[in-house]
Each structure stands twice: as structure tokens, then as C-alpha cells.
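Report on the following structure.
Residue numbering restarts at 1 for every chain, and letters A, B, ... go by the order of the sequence lines. Hydrogens, waters and symmetry mates play no part in the numbers below; they use all other heavy atoms, side chains included.
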Amino acid sequence: MPEQQKTSILILDDEPIVSQRLKPSLEKQGYEVETFTASLDALKRTREKTFDIVITDLKMEGLDGMGFLGKVKEKSPATEVIVITGFATMETAKESFQKGVFDFLAKPFKMGEIIAAIKKAEQKIKQTL
Amino acid sequence: MKKTIKNLISLFSGGNRKASAVPFPVLFRSFQEILATNNKMLERIADVNDKLGGNYIFDRHYIDTTCQEITDLALKLIHGLDTMAPKKYMALYNAFRRISAEIEKDLSGERPYCPFGELTLPYEAIDHDAEETVGGKNANLAELNNFLDLRIPRGFAVTGTAFYTFLGKNGLGQKIDTIRHGWISGDVPLEDAAREIRQLITTTPLPGNLEKAVNSCLAQLAPESKNKPLFLAIRSSAWGEDGELSFAGQYKTVLNVPAADFADAYRQVVASAYSENALTYRQEAGFQENSITMAVACQIMVDAVVSGVMYTLDPQGNGHTMQLGATWGLGAPLVSGQVSGDRFIIERTSTHPVKTMQIVRKENALYSLPDGGTALTQVPVDQQTRACLNKDQVKHIAETGLLIEKYFKKPQDIEFTMDRQGQLTILQTRSLNIKLEEVPKAADLAQLLSHCSILFSDKGEIAQKGIATGKVYMLSDDSALRDFPAGGILVARFASPQLARVMAKASAVLTDVGSATGHLATIAREFRVPCILNIGDATKRLHPGQEITVDAEANIIYECLVDELSYYDLTEEAIEETVEYRLLRRVLKNIAPLNLLDPKEKKFTPAACRTFHDITRFVHEKAVEELIDRNYYQHHAPNTASGKLCWKIPLDLVLIDIDGGLKPGFQKGDVTPDEILSVPLQSLLKGLAHPDVWDNEPMSVDLKSFMSSLTRTFSTEVASPKFVGQNLAVISKEYANVNLRLGYHFTVIDSYVSDNINDNYAYFRFFGGVTDQTRRSRRATFLGKVLANHDFRVELRDDLVVARIKKLNKDRMLSRLEVLGLLVGFTRQLDVKMLSEQHINKYVEKFNQLMEVSICPNNKKPVS
């Protein structure tokens, strides 16, 4: 049976637990998921492959999330970015949205919340196609 | 609110400060700050508890920042009280340091050391939370008996606290450390270090209190051995032994020990924590050496005829089989590979037929000797080639194994034994860390599931997450529970607590009616059985015997057996197993439990504070006391008056008037209700005095509630509607801050009501109670519904209710305060009556009726 093109998601968070919990749940929902804990590795991967959705933390060693998502949007404006952060402030939220972030979730979040955000992003992608 | 308080306080700023060491405005401002911090603290604690529910993704950063926040709040509370009563409660700082050091220890990854812990704990008294005190082996075993009612050897745990007590004897711990450092720095060879440590340990006497605790536990066990001498198995149960780092086989087990020789055997097991192997193993695994905690299991020897090991999931199999090895006598030589045993490969599905059976010659077996100790003895020739288990026994062991696997949500490695009567006793169970080749990857599951038709999805509430496959067992009436087959999926109309009887056997539970906060949901969580309640028509959509897969993660019911899904679930790391989850649960132990409740108890002291919640509670109580003490019992501040309410209801309420809250000219003494001019307090008391609220018959507290109250360290009578301690209201003409402790419920109401609509507000906080969590939550739900009906913005967290309302005109505000008064009276024992979910609405109805018969027109809910 011809498999429908899966929505591809890249997750970047320096704490492994986040990917570890998100990946299986999202895969079970039928998404194709790649995870990273170092922003430079993730950046390298986004240069090789265009993802439909990127989920990223903000505060990280080296290149931080804001820098990372800026580069992602620069290369592929159609990629929808969802920010997840434990340092949610009005300023970071504002800055994220100015950079064209699709959604902003404060950690800790519920699995249902992030899936809802992903589904919304998916819809937007479909509409623009 | 701050602005209002400021206005109030400014009224006194010119007052005579000599009257009291701390001027009243300062006192009152600190008091207000304490209340606000207290609220924040309770909300934060409830928040964190919520995170343990399993629905959240949280990381280490969250744990660190939350602990920091809560620690800051605790310190702020203590400072606040110190401002009110300088240097009076200095011991609180010690309690604070002690508790924050414990939290710090948890966060830094050092082993927990519970200074308050018991030295010994009988298996009956061990629950899941005791794991860190008694070690995994003890905890798992105790759970098998306490939750699954499986047979385990009678016995007790010698705890980690006992281990530290022992290390404290004659400076043993320090001496060990010195030797160990010698080894790590290369000055002492490993063999010498291990030998020296062993010698030190085996020659150090047990501390007197430890010996006493052990002897008292042994005396409890003695009657079981029917006048015969008592023989014991002494096993290691080190912290983390069965965790992600398997220490299997590293530590010693001493079998068939005469009770009189306990101390020797205990020392041998402790010494095994420092054997050459163990020292090297821990060093290589990167363990902090000084943080080993060796709890020990002390069990009555079972008269073993056959013993063995079962893997509930065969590591060499395809995911459909389990593996069992067994031999005559004791199991130790089989586990250590000294003898070979019979091997059975069994189907995981009922009725567990044996797929392959390999019977070996069993020449020798280990048996207990009559005077203690064991010996490898020749097996009678006719038994050597006989299978040591028959088909029925294999089936029984397989069923038991799956029961245990289902409970722990992981494939299990189980050691068991069978006695002369053929009774199966479980000696040990731990997670089997295997990865099956054929288990599908998560990515393939979506594909697999797409071939399966969905019966229904997103209906009802998930009470316990998880995945299960099995046949539908439709429950017609409760008597049919007797016939419920192990592994069946229970489908019932109501979430009746009766269903608890078969919970351990069920693969999943689905009901038409019920709630995720109900009693059955609690039980499902205890047994970790996937459970979806309130589906509406599950009994209509499903039919008896139908094979279905319940995905209580995504809330989908499939019309087929998707075994892959449940294998996937078994090999996936459960959230409860993640490092972060366990860390949060551990730090919470020093934060959330409330041990101090009754201020009349002698142990209501800073020294008895074991958690930040205790400190919070203590500070609140003392802050109220200080305010009362300074302004009622002693001379009060100028411009204030104080009195005690003299009323038909024994509210024991002290009033402090800061501006026109009492009749002009009133100075001190008894206050009658008509002397109160504080507008919000008048309305509150009016509601509280509602006659129908006070003619309730005294409530008898049933056994479960009573037991629950015991564990929460209550001591005084709980049945009569009497008040404990003193209640306080700080008032002005427009303002009231009321702190009530009715029975074991704590209520704070803070309100300002004037003609200026923008200044008006009321804040209501309520928590506590004497019954179990479920009923307290039901009462909270009840409160939430009533308050929402009256336009309050309500936040519910477990049994904590916070409600706010603001900017209503004066009449409407006052009617809300009357509602609050009525609610406080109405609710004071309601948790005891909250027997089921249905009672919530029943009492909402009843409350509405009360409101309707009330003649005050203000009570009518405004049509808006």
C-alpha cells in the first residue's frame, strides 16, 4: 500500500528526557521524529533535510534555541516552529513570535497540549500547500 | 488587595510604638504576607503533585527551579513569623536547614538517608513509597502481598536507617571510608582493603536500639513457626540494587539462619557490600561510594520442595512465551549456576500450555539442615530425572507471573519456591531488562494499527493509562465477579467500588458511568490497570467474549488483538521509571506530606517539622496565635480593640478591630454579634449561623476514614462538630480577614466591601479534612461547583480550593460572603459523607435548597 507522506518533526532539547518521552508518543501518532540534544547537531541535520515541524527548547549551551530557530526559518520559511521552554517570559514569547514561531509552550506541558499544537501546525502547512 | 491593606495600615502608622515590641501595622502586614506566601506555597505543592499524575512532560530544570521556589517560600514564611515574634521561633531555622539539606541531597544524587526512619519495618507496613528506606527487593515483595495478596515469606526489612545506625557504631563508617580512600588512591591493594573492611564490619556489635528493634520483630514472627526454632533467610535489599544498574549476585544471601545468629548474618550481608567485586563494580559504574545504602530482608525460611526462576517474557522468544527454570530444594544453586534445572517454555496466553520442556538430571539439590545452614545433598535416584513441576503447577506459576508483570508494568524476573503443601511462595521479583527483537518500533505501530478497525475513541475519562489486550467480560451483576477470568477486560455499567475485588486480575476496566476522580479510579491506579470510565455506552458497544485492544493512552478501543501494542507498552520505559519522575517523587517527600495538624499536640513544634508543608502549617498557626496573643490577651495596640465573640455557635472567634469594625468605644471583652459593624464579617456570620447547618447529627466516621485519619496523625475526637484551637478575624468597617480552623478544615477568607465597586473583593481558601484523599477531593469538587454557581473564579487542586471574586456591587458582594459563611458551616464534615461521586451533586442540590429557603433576597443568584 502506498504510504502517505508522514509529517516530519525535529525535536531539539538539551535534556534527553524531553525527547525520550515525546518521540515514542509522536511516532505512535504516525509522525516521523528525529531528536537532538545539541543544537549544532540539529542545525547540521536541518541543512541536510527540511522538516515540516521543528520543536525546540530555548536555553541551551552553544547556539541557543532562538538562534537555532532563526537559522531554521531562514533556510526554510515553511517549517513551522514550536518553542518549548522552562524559562517562559513575555519577552521570550514576544521575540519568538516576531521570529515567526508558530506556537509557544511553557514547560512542563501535557502531552495532549503539544500534540494539539502539532496538529494545528500540520493544518496550517496543509492549507498553505 | 495590597492597596487596601496599605490604606488600613496607614491608619495606624502614627500610633504609639511602645505599646508592643512590634507595632501593630508591622505585625499585621507580616501576617498578611505570611497568608499570601502560605497560599503560594500550597498552590505550588499542589502543582507539583499534579506533575506526578503522569500527564506532564517535565525536565530536570523544572525540578530544580520548583525546589528553589518552594525553598524560598519556606524561608520567607519563617522570616515573616520572625518579624511578628522576633527570635521566638529560631528553631524553625534549624528545621528549615535540615529539610533543605535533605532536598539538596536528593538533587545532588546522594542516597537518601531518612533520619526519622524506622530501623525495622514488618512487610505488612511497607508501601511503595518505602522503597528508599527498605530497598527494592523488600518493597517489591511487600507490595506483592499487600496489593496482590500473593504469598510471600513472613518477614521484615532492616532499613537503610538501621544500616546508617550500624555504621555510626564505634565510628565504623568513617573507618571504612579511610580504608576505601586508601584503595582508591592506590595505597592499599583491593584485596587488603576488602578484607580489612569485612573484618571491621564482622567484629562491630550491633547498636543496642537496632538489636532491640530486630528482636521485637523476631518475636512477632516466632508464633508462625509453631514452637519450632525460628530459621531465617537474610538477604540484601540495597537501594538501587534492582534498579537500572543491576547488582544481581553481587551481595550475599545467608540461608537457614537460626534466629539467635541474626546479628552475624546481618553483618555478613552488610560486609558483602564491600567485597572486592562489589567495590570494583560500584567504582566502575560511577556510584558515589559513600552513598551505598544496604537495607536487608529478614524472612522466615520456607520449607522448599521445588524452587526456581521465571522470566515472564522469554528473552529468546518472539514475545509470545515465558521461560521457567526449576530444581528440587532451594533455588540458590540454580540462580548461581551451580546446578542445572528443568526448563519450560510456556505460552503467555491462557491457559498457558507448555511449548517445550527440557528435563535434566538433577543429581544434587540444596536443602536446609535441621540445626541451621544448608548443604548440597544427593537427590533420590527416582526423582533425579523426574520433572520437578507438573502441568498445573507450571500454569499456576505462569498465571502468578503475569499478574506480577501486569502490576509492575514490566516483564519480571521472579524467584519462587513451593513447599510440601504445594503452596507457591514468591521470594523475589524485579524488572527484567530485555529488548525483544520482534517488538515493533513505535513508528511501525501506527502502520500496524491502521489495519485495525476502531470500535470507538475519545469517549470517557482515562483513569489509568496503559495498554491491554483481552476478551470482554461483561458484568451483569456483582455476583458474576466471582467468575471473572484472569486477564479479562472488565466491562461494567457503573464504576462501583465492588469491582475492586477483581482489579488485580483484570487486564483493563471500562465502565459506562464513573469518574476519574472516583474511588475505583484510585484503585485502578493502585493496581496500574488501564482504566477508562464514563464511556457512556461501553456495555452496548461491546459484547461478551469479544477480543479487543484497549489503548488507554490514546483513548482508543480496537476491534482486534493488537498484541504488538501491549508488548510495546511492556518494553517502553514507564514514566514512573524515569530518573526525573523518581527524583521529583523523592524531593516531594521532604516537601508535601503534612505531619503537623493538631496544634494541641505536644509535637506541634518546629523540631517536629519534617517537610516544608509542616513549616507552612506551623507558621500559619503561630502567626494567628501571635496576632491574637498580642492584641487580645496582652495589651493591644492603640487604635485597635479586641474581643471574643459571644455567640450561640461555639466559634471561639477572637476579633481584632483595626478601624470601626466594632461598636464605637468598644475596647476589650466579649463581643455580641450586634456589636460587630464590619460589613463583610456580618454577612459571613449570618451565613455561618444558618440554623439548618447546625442541626446536623454528629457524624460517625467509618473505619476507612478513621484509619486514614490515624495515618495523618490526628489524635483528638473527629466525630463531633467541635472546634479545635482558636479562630481569628481581623476587621475594619469594610474589611475582614478571617482564619478558621473547624475540625480539621482550614479556611481563610479575606474580603473588602465598600460602596466603591472597584475595591471590592473576596478571597476564599479551603483545605484539609479527616478522610481519604478521594473524599476530600469530592468535597473540593462540591465546593468548586457551588462557588462557581455563585460567580466565583475557582481553582481546584486535589483538596485545595481557592476561589476569588471581585468588583461586584456591595449587595452582591455581601450575598457572596453569606454564601461563604453558609458553605463553611455546611461543609465542615462533608468529606465524611462523600461516599460516592453521586454525592457531589446530591449535596450541591441540598445546598441550593438551603439557599432557596433562606429568606434573604440577597441570596438569590442574580440573573445575569
Heavy atoms of other groups near [X] [atom1], more than 12 under 6.0 Å:
X       : atom1 : answer
A:Arg45 : CZ    : yes
A:Lys71 : NZ    : no
A:Lys75 : NZ    : yes

*Please round to the nearest 0.5 Å and tell me the distance separating atom NE2 of B:His61 and atom NZ of A:Lys59.*
7.0 Å

*Between atom CD1 of B:Ile57 and atom CG of A:Leu22, what is the distance when rounded to the nearest 0.5 Å?*
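Reported to 0.5 Å precision, the distance equals 3.5 Å.
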
Closest approach of [X] and [Y], non-hydrogen atoms and distance?
X        : Y       : answer
B:Arg60  : A:Glu15 : N-OE1, 2.7 Å
B:Tyr56  : A:Arg21 : O-NH2, 3.5 Å
A:Pro108 : B:Lys51 : CG-CE, 3.5 Å

